[in-house]
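Have a look at the structure below, then the notes.
When reading the values below, keep in mind they use all heavy atoms of this one structure, side chains included, and skip hydrogens, waters and symmetry mates. Note that this is a predicted model, so its numbers are computed, not measured.
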Amino acid sequence: MAEISLFDTHCHVNFPHYSDDREAMFDRMVVAGVERCMVVAVDLEHVHELRTLAEAHDNVWFSAGVHPNHEVPKEPTVDELLSLADHPRCMAIGETGMDFFRNSVEPDIQEARFRTHLQAARACNKPVIVHNRNADEATIRILTDEGVETCGGIMHCFSSDWQTAKQAIDLGMSISFSGNVTFKNNPALRDVAAQVPDDLLLIETDAPYLTPVPYRGKRNEPAYVRHIAECIADVRGVSLETLATQTTNNALKRFKI
């Protein structure tokens, strides 16, 4: 199946979900034509795990950041993020953003944390990976305030409407789709995926979460990004090969790889 080259731009394969078969998972990824992946941080305490994976695999890169709903004893600073981002295989800041679906972290703390990440991303000129759940207005407002167009970024696991996508696109953001775009009850999201400009379209698994059809209900892994690519290629009316080439080139450009 490796006639195509795909890039899973967002996964969490350092998580314990893969403790028993992590190397086999990387092998399956390549067999499926997924030749590269970005392992994304949710806290700073475990960035060393991501760094170790990236140093051990020449097709793996990582990010540094704290998820908006991750409770931490001390808020990250710009200097801490910049220190971690200085590693040659750290290609992005995040994931960060706003999440009003859960209330683990108060909105004002989330916003301050988000702004810290954006300031770090601008300082090191690396893209910011943005988590947005039920917080469209706040997310776009903060991205605008902090001048995200200076460093660029990715709207990860995009799940909002076209109006929000268009506002992010106008700020120069890439739009990345995960397994939920394949869900039968999600035609509106597929409509959004059909409209994103060719040069700003990305795909991801968000593994181990949001496993795409036909594996929904099982643990997700980077190999399954192929099914997300197939779904989006279908709604955009292009071949899988075309979609793979576009999204991989977009990822390489966005991450400056």
ask   = Are E95 and H10 close enough that a side-chain donor and a side-chain acceptor fall under 3.5 Å?
value = yes
Interatomic spacing from NE2 in H227 to OH in Y224 - rounded to 0.5 Å = 7.0 Å
message = Both conditions, 6.0 Å and 45 degrees, for the charged tip of R133 above the ring of F100: are they met here?
response = no
inquiry  = I'd like to know if the side chain of E35 pairs up with that of S5 as donor and acceptor (distance under 3.5 Å, no hydrogens or angles considered).
reply    = yes
ask   = Under a 4.5 Å cut-off applied to non-hydrogen side-chain atoms, are F62 and L53 in contact?
value = no
Side-chain heavy-atom pair F183, L189 within 4.5 angstrom cut-off = no
task = Determine yes or no for a side-chain-to-main-chain donor-acceptor pair under 3.5 angstrom, with S83 supplying the side chain and D79 the backbone.
result = no
task = Could you tell me which non-hydrogen atom of L202 sits nearest to which non-hydrogen atom of A251, and how far apart they are?
result = CD2-N, 3.5 Å
query = How long is the span from the CG atom in D234 to the OG1 atom in T182, to the nearest 0.5 Å?
reply = 12.0 Å
ask   = Quick one: does D99's side chain have a donor or acceptor within less than 3.5 Å of a partner on P68's backbone?
value = no
task = Before accepting this row, confirm whether a basic side-chain N of the pair D161/K166 lies closer than 4.0 Å to the acidic partner's carboxylate O.
result = no
key: Nearest heavy atoms of V47 and A41, plus distance in Å   = CG2-CB, 4.0 Å
message = Between D198 and R236, is the salt bridge (Lys or Arg N to Asp or Glu O under 4.0 Å) condition met? List the steps.
response = CA-CA 10 Å; D198 288 348; R236 291 173 73 89; 2.6 Å; yes
task = Compute the ring centroids of F15 and H12, then answer whether they are less than 6.0 Å apart.
result = yes
key: Side-chain donor or acceptor of K126 paired with backbone N/O of C151 under 3.5 Å   = no
query = Should the pair F177 and F158 be assigned to parallel (<30°), tilted (30 to 60°) or perpendicular (>60°) ring geometry?
reply = perpendicular
ask   = Is it true that Y215 and Y209 fall in one hydrophobic cluster, defined by side-chain heavy atoms closer than 4.5 Å?
value = no
query = So, D43 versus H67: side-chain donor-acceptor pair below 3.5 Å or not?
reply = no
ask   = Would E204 and S176 count as having a side-chain donor-acceptor pair, cut-off 3.5 Å?
value = yes
ask   = Do NZ/NE/NH1/NH2 and the carboxylate oxygens of E149 and R122 come within less than 4.0 Å?
value = no
ask   = Between V181 and I232, is any pair of side-chain heavy atoms under 4.5 Å apart?
value = yes
key: Residues R226, E3: salt bridge by 4.0 Å N-O rule   = yes
ask   = Do the charged groups of R113 and E111 touch, with an N to O distance under 4.0 Å?
value = no
query = In Å, rounded to the nearest 0.5 Å, how long is the span from CE of M98 to CG of N69?
reply = 9.5 Å
task = Measure from the side-chain N and O atoms of T52 to the backbone N and O of H48, and report whether any donor-acceptor pair falls under 3.5 Å.
result = yes
inquiry  = Check whether Q110 reaches the backbone of V105 with its side chain - one donor and one acceptor, N or O, closer than 3.5 Å.
reply    = yes
inquiry  = Let's go through D206 and S178 carefully: what are the C-alpha distance in whole Å and the side-chain angles of both, what is the deciding distance for side-chain hydrogen bond (donor to acceptor under 3.5 Å, both in side chains) to 0.1 Å, and is it a yes or a no?
reply    = CA-CA 6 Å; D206 199 18; S178 186; 5.2 Å; no
inquiry  = Do M155 and V128 land in one hydrophobic cluster if side-chain heavy atoms of ILVMFWY residues count as linked below 4.5 Å?
reply    = yes
ask   = Between V192 and S160, what is the shortest heavy-atom contact and its length?
value = CG2-O, 4.0 Å
ask   = Quick one: are C37 and M29 in side-chain contact, heavy atoms under 4.5 Å?
value = yes
query = So, does R190 use its side chain to make a donor-acceptor pair with the main chain of K184 at under 3.5 Å?
reply = yes
task = Say whether, by atom type as modelled, one donor and one acceptor occur between the side chain of S63 and the main chain of G94 under 3.5 angstrom.
result = yes
ask   = Quick one: do W61 and I203 end up in the same hydrophobic cluster if we chain Ile, Leu, Val, Met, Phe, Trp and Tyr together by side-chain heavy atoms under 4.5 Å apart?
value = no
ask   = Can you find a pair of side-chain heavy atoms, one from T96 and one from V66, that are under 4.5 Å apart?
value = no
inquiry  = Between E221 and Y18, does the side chain to side chain contact (heavy atoms under 4.5 Å, CB included) criterion hold? Intermediate values first, please.
reply    = CA-CA 9 Å; E221 60 180 74; Y18 306 97; 4.2 Å; yes
inquiry  = For a quick test of reading the model, state the closest non-hydrogen atom pair linking C11 to T205 and the distance between them.
reply    = CB-OG1, 3.7 Å
message = I'd like to know if I154 and I175 are part of one continuous hydrophobic network [Ile/Leu/Val/Met/Phe/Trp/Tyr, side-chain heavy atoms within less than 4.5 Å].
response = no
key: Distance in Å, L82 CG paired with I93 CD1, rounded so as to fall on 0.5 Å steps   = 6.5 Å
query = Within the side chain of H17, is there an N or O that forms a donor-acceptor pair under 3.5 Å with the backbone of R219?
reply = no
ask   = With the threshold set at 4.0 Å, does a side-chain nitrogen-carboxylate oxygen contact exist between D145 and R115?
value = yes
ask   = Between atom CD of Q163 and atom CG of D136, what is the distance when rounded to the nearest 0.5 Å?
value = 8.5 Å
remark   = Tightest non-hydrogen contact, residues K256 and M91, listed as O-CE, 3.7 Å
query = Quick check: does any side chain N or O of N250 sit under 3.5 Å from a backbone N or O of L201, one acting as donor and the other as acceptor?
reply = yes
request  = Check the side chains of T245 and T242 for a donor-acceptor pair under 3.5 angstrom, ignoring hydrogens and angles.
outcome  = no
ask   = If we ignore angles and hydrogens, is there a donor and acceptor under 3.5 Å between the side chains of R254 and S174?
value = yes
task = Begin from the C-alpha positions of E23 and H57 and carry the test side-chain hydrogen bond (donor to acceptor under 3.5 Å, both in side chains) through to its verdict.
result = CA-CA 10 Å; E23 289 307 312; H57 300 85; 3.0 Å; yes
query = With a 4.5 Å heavy-atom cut-off, do L143 and Q167 have their side chains touching?
reply = no
ask   = Counting only heavy atoms not in D108, do more than 12 sit closer than 6.0 Å to its CG atom?
value = yes
key: Carboxylate-amine/guanidinium proximity below 4.0 Å for D21 and R28   = yes
request  = For N185, look at atom CG and say whether over 12 heavy atoms of other residues, nucleotides or ligands are found less than 6.0 Å away.
outcome  = yes
task = Could you tell me which non-hydrogen atom of C157 sits nearest to which non-hydrogen atom of L210, and how far apart they are?
result = SG-CD1, 3.2 Å
request  = Determine whether F7 and L252 make a side-chain contact, defined as any pair of heavy atoms from C-beta on separated by less than 4.5 Å.
outcome  = yes
message = With a 6.0 Å cut-off (strictly less than), is the heavy-atom count around NZ of K74, excluding the residue itself, greater than 12?
response = yes
query = Short question: side chain of N14, backbone of E49 - any donor-acceptor pair under 3.5 Å?
reply = no
task = Find out whether L81 and L44 are in side-chain contact, i.e. whether some heavy atom of one side chain is under 4.5 Å from a heavy atom of the other.
result = yes
